[in-house]
Amino acid sequence: MIRIYNTMTRTKEEFVPLAAPAVGMYVCGVTVYDHSHIGHARSAMVFDVIRRYLTFKGYRVTFVKNYTDVDDRIIKRANQGGVSAREFAERFIAAERADMAALGVLAPDLDPKATEHVPQMIELIGRLVASGHAYPIDGDVYFEIRRFPPYGRLSGKNLDELLAGARVEVDERKRDPRDFALWKGAKPGEPAWDSPWGPGRPGWHIECSAMAMKYLGESFDFHGGGEDLIFPHHECEIAQAEACTIKRHDPDALRLWMLGTHYRNMIEWSEERVEEAARALDRFARLLRDATAVRRAATAAALPPAFAEFRPRFERAMDDDFNTPQALAALFDLVRALADARDRGPTATPPSAFVAGVDELVQLARVLGLFGRGAAAEGPPAEVERLVAARVEARTRRDFKRSDELRDEIARLGWLVEDTPAGPRLTPKGP
RNA sequence: GGCGGCGUAGCCAAGUGGUUAAGGCGGAGGUCUGCAAAACCUCUACUCCGCGGUUCGAAUCCGCGCGCCGCCUCCA
């Protein structure tokens with residue numbers, strides 16, 4: 001049984017899909033007016049892991065994530081750059097897709113754009129106007145929060161509190177300063193669509209609702225993002241933590257770092273934390289690499305008892321509101337057990353059993369989105385191979401001076417050579 | 001000011017009423033090794049910000065205090 005924290009009730013509740021095994025997830029996507037930053041990356045990875053885990057548990061997940069491709073900032077920046085809002089948005093949509101792919105985030109099943117769903121939004125706004133929850137004024141349409149008592153419940157605030165300290169821009173036409181625009185009448189030079197209230201464009205909040213309803217029906221299982229899940233966002237020096245920061249790091253290291261903190265907790269950006277994660281990742285990587293030869297020689301047998309306790313631990317952790325730190329702890333313990341088995345040799349643990357254990361590790365790690373690209377191991381260039389062979393020969397002669405020179409030379413070519421009982425081991429050195 | 005969250009080892013971080021308080025990084029010692037690296041083994045919080053209280057029993061619940069932080073601005 002999976003238990004998940006529900007923002008509305010502020011408790012963990014049993015997850016009961018509305019139409020099992022189908023599960024609908026809707027995630028509020030980005031407003032594409034700039035590159036992704038580390039905050040987007042975390043949010044995306046968290047949902048990615050939730051999606052992967054639900055799939056692992058046998059659910060058929062439909063994952064929808066929208067693009068908000070019309071908004072004040074997009075229009076403003078597009079105008080500054082002398083391009084159309086559409087062209088401007090498309091550019092950042094492409095960038096966002098590339099960033100997410102680089103992070104190992106699975107692509108959504110559907111990624112609708114706001115601009116392609118204006119008719120649905122108009123229809124939804126029309127319904128809200130008809131039901132008295134919204135009112136048009138001078139080409140704008142506002143949502144009247146007083147007509148919707150639960151407003152604010154999600155964030156745990158009441159209406160008066162919202163008004164108290166806030167400096168809300170006064171717009172005399174609005175019935176209440178806190179009412180927000182569902183439809184914005186067009187100003188000159190802005191993209192516009194025809195509507196019963198005149199030409200204009202959708203305001204915030206409405207697009208998610210419209211697209212979610214279209215693709216997942218009126219009710220669905222998950223709604224993630226800034227609105228329904230109060231995800232903490234690290235304040236991290238965002239200026240420095242944009243796309244370049246993301247690209248500078250190993251995506252698996254970033255993921256390991258992020259999953260080391262529970263998703264509902266705040267996390268502070270730190271270069272050092274990511275480097276620590278990269279070191280931890282090495283333990284996995286080395287084990288996996290050492291296992292490749294064994295895997296070629298033996299096929300997996302049934303999982304031996306020594307490696308069987310980790311999956312239940314992993315699942316127990318993930319079932320409990322996606323407790324990735326606990327799940328990772330189980331994985332690290334599995335790594336240790338496997339490394340120990342490797343060191344003890346094939347007498348203590350038959351190759352087939354070892355391979356079964358490694359497969360188990362890989363399977364579970366992939367549920368967290370780790371090692372998705374299979375570590376992309378490129379072989380060393382012939383020159384390096386030649387030097388390594390020469391070094392082996394020097395060592396058999398016990399010519400350690402020459403041996404160390406060769407090691408330095410190999411290092412200059414970007415490879416780390418280590419001596420193991422089974423012979424030299426080559427590792428490409430990071431940038 | 002209002003609302004919400006947090007304070008666990010040197011650092012990061014789980015655990016939220018009851019066996020020896022996960023895991024990672026770092027550190028110490030050991031095994032292995034020509035050296036090194038890696039790996040493995042052992043150790044590294046008798047204690048969970050402070051003070052009271054509830055309880056047979058609390059890091060976990062309640063109150064107060066101290067210290068951080070987020071939100072209340074179209075940043076998802």
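In what follows, every chain begins at residue 1, and chains take the letters A, B, ... in the order their sequences are listed.
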Roughly how far apart, to the nearest Å, are B:U19 and B:G57 at atom P? 15 Å
Any sub-3.5 Å donor-acceptor pair from A:R201's side-chain atoms to A:W183's backbone N or O? no
Please determine whether salt bridge (charged side-chain N to carboxylate O under 4.0 Å, His left out) holds for the pair A:R391 and A:D404, giving the CA-CA distance in whole Å, both sets of side-chain angles, and the decisive distance to 0.1 Å. CA-CA 8 Å; A:R391 182 168 173 278; A:D404 288 347; 5.0 Å; no
In the structure shown, which nucleotide is the Watson-Crick or G-U wobble counterpart of B:A14, with both distances under 3.5 Å? none
With A:R77 as the cation and A:Y33 as the aromatic partner, state whether NZ or CZ is under 6.0 Å from the six-membered ring centre and within 45° of the axis. no
Please work out if A:R391 contacts a base, only the sugar-phosphate, or nothing of the nucleic acid, heavy-atom cut-off 4.0 Å. base
What's the gap between B:G67 and B:G50 when it is taken at their P atoms, as a whole Å value? 15 Å
Measure the acute angle between the ring planes of A:Y135 and A:Y142, then classify it against the limits of 30° and 60° as parallel, tilted or perpendicular. tilted
Quote, to the nearest angstrom, the P distance that separates B:C49 from B:C12. 14 Å
Can you confirm if the aromatic rings of A:F371 and A:F284 lie within a centre distance of less than 6.0 Å? yes
On RNA chain B, compare the nucleotides closest to A:R407 and A:D290; which residue's is nearer the 5' end? A:R407
Can you tell me the base-pairing partner of B:U20? Count Watson-Crick or G-U wobble geometry only, both distances below 3.5 Å, and say none if there is no partner. none
Which nucleotide, if any, forms a Watson-Crick or G-U wobble pair with B:C48, using both distances under 3.5 Å? none
Can the ring centroids of A:W269 and A:W257 be said to lie less than 6.0 angstrom from one another? yes
Could you state the CZ-C1' distance from A:F400 to B:C35, rounded to the nearest angstrom? 8 Å
Take atom CH2 of A:W415 and atom P of B:A38, then tell me their distance rounded to the nearest Å. 18 Å
Report yes if a donor N or O on one partner sits less than 3.5 Å from an acceptor N or O on the other, where the partners are the side chain of A:R283 and the base of B:A38; otherwise report no. no
Give none if B:G1 has no partner; otherwise give the nucleotide forming a Watson-Crick or G-U wobble pair with it, both distances under 3.5 Å. B:C72
Starting at the 5' end of RNA chain B, which residue's closest nucleotide do you reach first, A:R398 or A:A280? A:A280
NA contact type, A:Y33, heavy-atom cut-off 4.0 Å: base, sugar-phosphate, or nothing? sugar-phosphate
Atom-pair distance (CZ on A:R313; C1' on B:A22), nearest Å: 7 Å
Could you check how far CZ of A:R395 sits from C1' of B:A37, rounded to whole Å? 12 Å
Suppose you measure atom P in B:A36 against the same atom in B:G17; what distance do you get, rounded to whole Å? 50 Å
Return the CZ to CZ distance between A:F63 and A:R51, rounded to the nearest 0.5 Å. 5.5 Å
So that I know where these two stand, are A:Y5 and A:H262 an aromatic pair - ring centroids less than 6.0 Å apart? no
Just name whichever nucleotide pairs with B:C43, Watson-Crick or G-U, keeping both distances under 3.5 Å, else none. B:G27
Applying salt bridge (Lys or Arg N to Asp or Glu O under 4.0 Å), can you list everything that pairs with A:R344, at least two apart in sequence or on another chain? A:D340
From CG of A:D71 over to P of B:C75, roughly how many Å is that when rounded to an integer? 9 Å
Under-3.5 Å donor-acceptor pair between A:R73 side chain and B:C75 base: no
Rounded to whole Å, the CG-C1' distance (A:D340 to B:U42) equals 13 Å
Euclidean distance, atom CG of residue A:D282 to atom C1' of B:C25 [Å, nearest integer]: 12 Å
A:R336 near the nucleic acid: base, sugar-phosphate alone, or nothing, with a heavy-atom cut-off under 4.0 Å? sugar-phosphate
Between B:C61 and B:G5, how far is it from one P atom to the other, in whole Å? 12 Å
Under a 3.5 Å cut-off for both distances, is B:C61 Watson-Crick or wobble paired, and to whom? B:G53
Where protein sits on nucleotides 7-21 of chain B, one letter per nucleotide: B base, S sugar-phosphate only, - none, heavy atoms under 4.0 Å: ----SSSBS------
Separation between the P atoms of B:A37 and B:G26, rounded to whole Å: 13 Å
B:C48 to B:G10 separation - P atoms, rounded to the nearest Å: 13 Å
How close or far is atom C1' of B:G23 from atom CZ of A:F310, stated in whole angstroms? 13 Å
Taking CZ in A:R86 as the centre, count heavy atoms belonging to other residues, nucleotides or ligands within less than 6.0 Å. Is the count above 12? no
Within the 4.0 Å heavy-atom criterion, would you say A:S403 contacts the bases, only the backbone, or no part of the nucleic acid? base
Quote, to the nearest angstrom, the C1' distance that separates B:U47 from B:U20. 13 Å
side-chain N/O A:T31 vs B:A76 OP1/OP2, d < 4.0 Å: yes
